Structure formats: structure tokens, C-alpha cells
Amino acid sequence: MLGGSPWLQLIIFIIPFALKTFSPYVWMDFLYFGDLLRILVTYGARRRRRPLFFVLDRFLEQTVACPDKLFIAFGDERHTYADADRKSNKIARALQSQAGYTSGDTVALFMGNEPTFVFTWLALAKLGSPVALLNYNIRTKSLLHCFNCCKAKVLVAASGLEAVEDVLPSLIEQGVVVLLMTKHCDTSGIQSFLDKVEEAPDSPLPRSLRSHLSFKSPAVYIYTSGTTGLPKAALVNQNRLLTALAILSSNGVTSKDVMYTNLPLYHTAGFFVGFIGPIETGSTIVLKRKFSASQFWDDCRKYNVTVVQYIGEVMRYLCCTPKRDNDKDHKVRLAIGNGIRAEVWKEFLNRFGNVQIREFYASTEGNIGFLNYPGKMGAVGRVHFLHQKLFPYTLVKYDTERDEPVRDANGLCIKSPKGETGLLVSKITDIAPFEGYAQNKEQTERKKLRDVLKKGDLYFNTGDLMRIDKDNFIYFQDRVGDTFRWKGENVATTEVSDILSFIDCLQEANVYGVQVPGHEGRVGMAAVSLKEDGEFDGSKVYKHVVSYLPSYARPRFIRIQSAVEVTGTFKQMKVKLVAQGFDPGQVQDPLYFLDDCVKSYVPVTAQLYSSILSGSIKL
Ligand SMILES: *[C@@H]1O[C@H](CO)[C@@H](O)[C@H](O)[C@H]1NC(C)=O
């Protein structure tokens with residue numbers, strides 16, 4: 001990865017840099033470079049090992065070094081490293097004797113946060129099988145789509161039988177083996193699997209089962225809602241997973257730490273930070289089925305948690321819980337995550353005491369990341385010369401109305417000056433590759449941007465608008481195009497539009513996200529037009545939306561237009577709609593709100609509007 005002597009390179013890069021930009025952060029920069037170097041050296045040494053060294057091998061090392069160390073605490077369950085090793089052996093053995101499965105086949109995992117998720121993943125790693133991490137909330141068409149994009153031969157599901165039954169006919173038609181983690185199952189086409197696991201031996205699996213793997217082999221597929229359409233399976237290869245090991249160790253986490261993992265393991269944040277990171281450090285994972293703001297600190301006290309992970313929403317919810325006398329009574333020293341706003345950051349420290357916050361920027365499939373190691377409130381990271389040398393990225397001017405980068409007379413992008421917002425793009429190179437999406441060439445191409453600074457160059461388009469300040473801190477500003485984030489999930493507007501278009505009375509739907517004071521991200525809203533002599537039936541629309549969309553993706557507001565406006569190039573107009581939001585004072589069209597209490601869309605009145613703004617109606 002790094003040719004020549006890394007020390008020499010570092011010195012050559014760092015000295016002029018340090019002298020030129022002597023700033024209060026320079027020592028932090030030095031320390032950070034030290035860490036970066038240590039990571040690179042460890043990584044380089046692992047890459048040279050034969051037989052090849054994967055994340056699983058790090059887990060096996062930990063199992064040998066500290067077999068009796070607590071690996072996972074889940075409710076009252078306790079599993080040591082050795083337990084997890086044995087349990088995953090049993091699952092692997094049971095799978096080996098499963099008709100329809102051959103080791104190395106891709107397997108889809110449809111499970112929420114529970115120890116079995118971890119054991120099954122380890123089992124599949126032992127069998128050399130790539131694992132598709134299905135989002136546990138998705139249903140019907142999306143579920144089937146996600147399953148199909150990674151060409152899995154087997155589906156292992158925890159519970160949620162209903163969701164599997166919905167798509168069972170299609171799975172059976174494709175000859176998929178469907179295994180359920182229960183001891184009995186009467187549904188034809190679904191086999192119980194737990195009974196087989198319990199009978200299987202727990203002897204270790206031979207390494208030869210993984211001999212076909214290289215660093216380029218797919219390790220996991222993680223689903224992301226990108227700019228358009230149904231979720232896409234981002235391919236995480238073995239090399240990428242190996243680099244993810246450093247996530248916690250590079251932030252000073254050690255084997256003495258106890259990590260609180262409460263984000264979904266099927267997403268990058270939960271999987272990388274909450275699961276892969278602790279394997280490297282040999283820490284204990286306190287696994288939580290679901291994030292709960294009211295139980296968060298009690299859990300931290302109960303399990304002596306020292307490190308927590310977050311997304312912006314988590315921190316805001318925690319700050320919104322009623323104040324308690326024991327708010328500062330805990331051992332949490334580090335919070336690591338992404339998306340905390342400056343005002344929430346400040347409030348969090350006030351409320352919960354001296355917790356170090358490590359904010360970073362990264363995406364599942366992206367090839368660029370930042371770390372805010374100096375802890376500057378509001379920033380997602382710090383940019384500097386060396387980092388940019390290794391990972392050439394730049395901010396380019398972006399036209400939000402046309403939804404594309406601004407080009408000059410030569411057809412090249414224009415760099416955004418310091419202090420101005422621009423689209424973050426990162427050059428695709430050998431050390432910063434973009435693996436793309438499984439079975440989706442078109443979407444993979446859409447994330448690539450050509451002719452950025454030179455004719456013929458190739459960049460990864462992050463879809464994120466960022467700004468760099470004079471002290472070289474980088475700030476997240478907004479997402480572009482056809483996605484928005486709500487409750488920590490990305491929502492693809494076209495996917496929601498597609499679902500709305502099945503509703504009888506609707507002609508067309510234009511979906512976008514609008515900001516609500518006091519909330520992270522954007523809440524879903526749709527501007528729709530009705531069919532000729534169609535009538536808007538609030539409860540019918542409600543029923544459809546609730547049965548086909550996960551709660552975070554449901555449009556909470558609908559405005560009815562006589563026709564959906566399009567631009568000259570027939571792109572749907574969004575900027576004006578987004579700006580007007582759901583304010584009945586600004587929107588002349590009929591305006592509706594998704595009301596879960598009455599199970600219908602109800603008209604937005606001035607009173608309803610102010611209740612939403614004041615927070616007395618929860619979104
Ligand atoms: C937490 O720490 C306290 C004091 O150090 C100790 O008494 C207690 O047993 C620990 N609890 C757990 C669950 O490790």
C-alpha cells in the first residue's frame with residue numbers, strides 16, 4: 001500500500017507542512033499521523049502474511065489469546081470469545097450438511113441485533129461465504145430485490161416469519177434454501193435450522209474452506225439507499241473489511257473497553273464500528289436489540305460501558321430525554337460516530353459530562369473518510385496535505401437546481417474555494433477503490449464522475465455537499481439529489497414515488513425531504529397530482545403507505561398539486577417545494593399529514609402545524 005520507507009515519507013511530508021501551518025492543532029496532527037502510521041504498518045504486515053489474513057483470523061487470534069474474555073453481553077446472556085467460536089462452529093457444521101448449500105455460496109442474513117447474528121456471520125466467514133446483510137425492516141418488493149441483487153443461494157432468517165412468507169413463493173421458484181432459526185417450522189418451503197445447529201458438532205473448521213478467498217473476494221454486502229431506485233448492495237471486499245479493523249483501535253480503544261452496540265448490525269455503522277472494531281481490540285460488546293433513549297444510560301451503568309457509538313439522531317434523542325440526577329453517573333469516556341450537530345454536541349457534554357466525541361465521515365461504498373480528531377464541534381473531520389496526497393479528493397461547485405456539478409467551458413468541474421460549499425468527490429485509485437454495487441452496473445456508473453479536474457479522470461461522487469473552513473476543518477452541509485436521511489436511514493425518493501404510484505387515485509408523485517426544527521435530517525414529503533376525477537382518500541393512501549414502506553420512508557406530508565411541475569429537462573422540480581415545506585402559510589395547495597392515531601392522512605391546519613413545530617406532535 002505504501003511504497004518505500006513510510007517513516008521517510010512521513011517526515012518528508014510532515015516537516016514542511018508543520019512549519020508552514022503552525023496552528024493550535026499541529027500537535028494533534030502529529031499524534032494523528034502517528035496513529036495513521038501505526039495503522040498502516042499493522043495493515044501492511046497483515047497483508048504480507050501467508051496464508052492470507054482476514055478479519056476472521058483476528059477473531060481466532062483473540063479466541064486463542066483470551067478465550068474466557070466476555071465477547072458479547074445481550075440482556076442476561078453472556079458469551080465469551082471461546083463460546084462464540086464454538087457456537088459459530090456449530091452453525092457452520094449444520095450449514096455444511098445442509099442440502100442446497102456449498103461452502104463459498106453467498107448467504108443472506110435476515111436478522112435483527114442478537115448474538116445469533118454475530119455467530120452466524122462468523123460461521124459464514126469460516127465457510128468462506130460472502131454474507132448479504134439484509135435490512136430487517138424491509139418487506140415485500142424491496143426485500144426480494146435486496147435478496148436477488150447478491151445472488152444468494154440461502155436465506156437465514158431469525159424470526160419475522162411473516163416477512164419471509166410474503167416473498168416465499170418467489171424464493172421457492174428460484175430454488176432458494178430458506179432456513180429459520182427456530183426448532184420447528186410447519187410452513188412448507190421453510191426449514192427449521194436451530195434444531196440442526198444444536199445437534200451439530202462444535203469442532204473447528206479447516207482453513208481449506210477459505211482457501212479460495214483473496215482480498216478482492218466479497219466479504220459482505222451492505223444495502224444502501226443511494227440516489228435513485230431500490231436499495232443497492234454495496235460490495236465490501238475482504239480488504240476493505242480488514243482495514244475496518246482499525247476503526248476503534250485508532251481511537252484509543254483497548255481490550256479493557258466495553259462497547260455499547262445499539263445500531264443495526266446490518267448497516268455499516270453498526271457492523272463496522274460496533275462489531276468489527278471490537279474484534280481488533282478484543283473488547284466486550286454490549287449488544288442491544290434496538291436503540292432506546294430511555295434505557296441508554298441505565299444500560300451503560302449496568303454493563304460498565306466505556307465506549308458508545310452514535311449517529312446524529314441518537315445524540316439528539318439522548319439530549320431530549322428528561323434530565324435526571326444521575327445523568328453524569330457512568331463510565332462512558334468515548335463516543336464515536338457520525339452526524340452530531342454542534343448544538344447537540346455542546347448540550348451532550350453539558351448533560352452527560354466529559355465524554356470525548358470522535359466524529360468521523362465515511363460511507364458504506366465511498367472511498368474517502370475524515371476523522372475529527374481534534375474534536376472541533378460541528379466538523380466531521382480535518383483535512384490536510386498528507387491525507388489529500390494519499391486520497392486525492394476535492395470539493396466542486398454544484399448546481400442544486402439542475403442537480404449536477406457546474407462545468408466550465410472545457411467541460412471540467414470547478415473547484416469550490418475555501419469556505420464555500422461544494423460537492424465532495426474523491427479520485428478512484430488503487431488505494432481508494434470504488435467497488436460498486438452488486439448486479440447494478442447502471443447505479444455503479446452513476447456514482448462515478450468523469451472529467452473532474454482533467455479530461456479522462458475518474459472520481460467517486462459522494463453525493464454530499466461539504467465546506468472546508470480556514471482552519472482546515474470540514475463540515476457536512478447537505479446531501480444532493482434524490483435521497484434524504486430520516487431517523488438515521490437513507491430514503492431514496494424514487495423508491496417512495498414508485499410505491500405511491502400504485503395508489504389508484506394518484507397520477508404522479510414527487511417525493512422529497514423537508515427540514516423540521518429540532519430534528520436531524522429531513523422528513524419525507526410528497527407533492528402529488530390526482531388522476532382525472534380521482535379523489536384523495538386519506539385513509540386509503542395511509543393504508544397503502546404503511547403496508548409498503550418502512551416507517552422512516554413514509555411521507556409524513558402530502559401536498560396535492562394540479563400537476564407535478566417538471567424542469568425544462570423533465571426533472572421534477574424540488575428546490576422550491578423543499579423550501580416551502582409543509583407550512584400552510586406558504587403552501588396554497590391542499591396539505592395533508594400522516595396521522596398514526598387516526599390511521600389516515602388529515603388536513604394540516606395552522607394549529608397542527610404549530611404543534612408539530614413545538615414538538616407536541618411527535619414525528
Ligand atoms: C462494574 O464495575 C463495578 C466497579 O468497578 C463492579 O463492581 C461491577 O461488578 C462491574 N459490573 C459489570 C457488569 O462488569
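Everything numeric in this text was worked out from a predicted model, so none of it was measured. Index from 1, following the sequence. Just so you know, ligand 1 is whichever comes first in the structure, and atom 1 is the first atom listed for that ligand.
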- Item | side chain to side chain donor-acceptor pair (under 3.5 Å) partner of Y260, chosen from T284, D299, T306 |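 Only one option passes, and that is D299.
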- Output yes when a protein non-hydrogen atom is found under 4.0 Å of atom 9 (O) of ligand 1, and no otherwise.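 Under 4.0 Å from atom 9 (O) of ligand 1, zero protein heavy atoms found.
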- Message: Within ligand 1, which atoms have a heavy atom of K302 less than 4.0 Å away?
- Response: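 Going through ligand 1 atom by atom, the ones under 4.0 Å from K302 are 13 (C).
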- Query: Does a salt bridge link E313 with K487, judged by any charged N lying under 4.0 Å from a carboxylate O?
  - Reply: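 Not counted as a salt bridge, because no side-chain N and carboxylate O are separated by less than 4.0 Å.
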- Task: Compare K331, R78, R301 and give the one whose heavy atom is closest to atom 5 (O) of ligand 1.
- Result: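 Answer by nearest heavy atom: K331.
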- Task: Output yes when the distance from some N or O of ligand 1 to some N or O of N304 is under 3.5 Å, and no in every other case.
- Result: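 There is such a contact, yes.
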- Under 3.5 Å side-chain donor-acceptor pair for Y101 and S129: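 Yes - a donor-acceptor pair under 3.5 Å links their side chains.
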- Message: Around atom CG of N326, are there more than 12 heavy atoms from other residues, nucleotides or ligands closer than 6.0 Å?
- Response: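 Counting neighbours around CG of N326, more than 12 heavy atoms of other residues, nucleotides or ligands fall under 6.0 Å, so yes.
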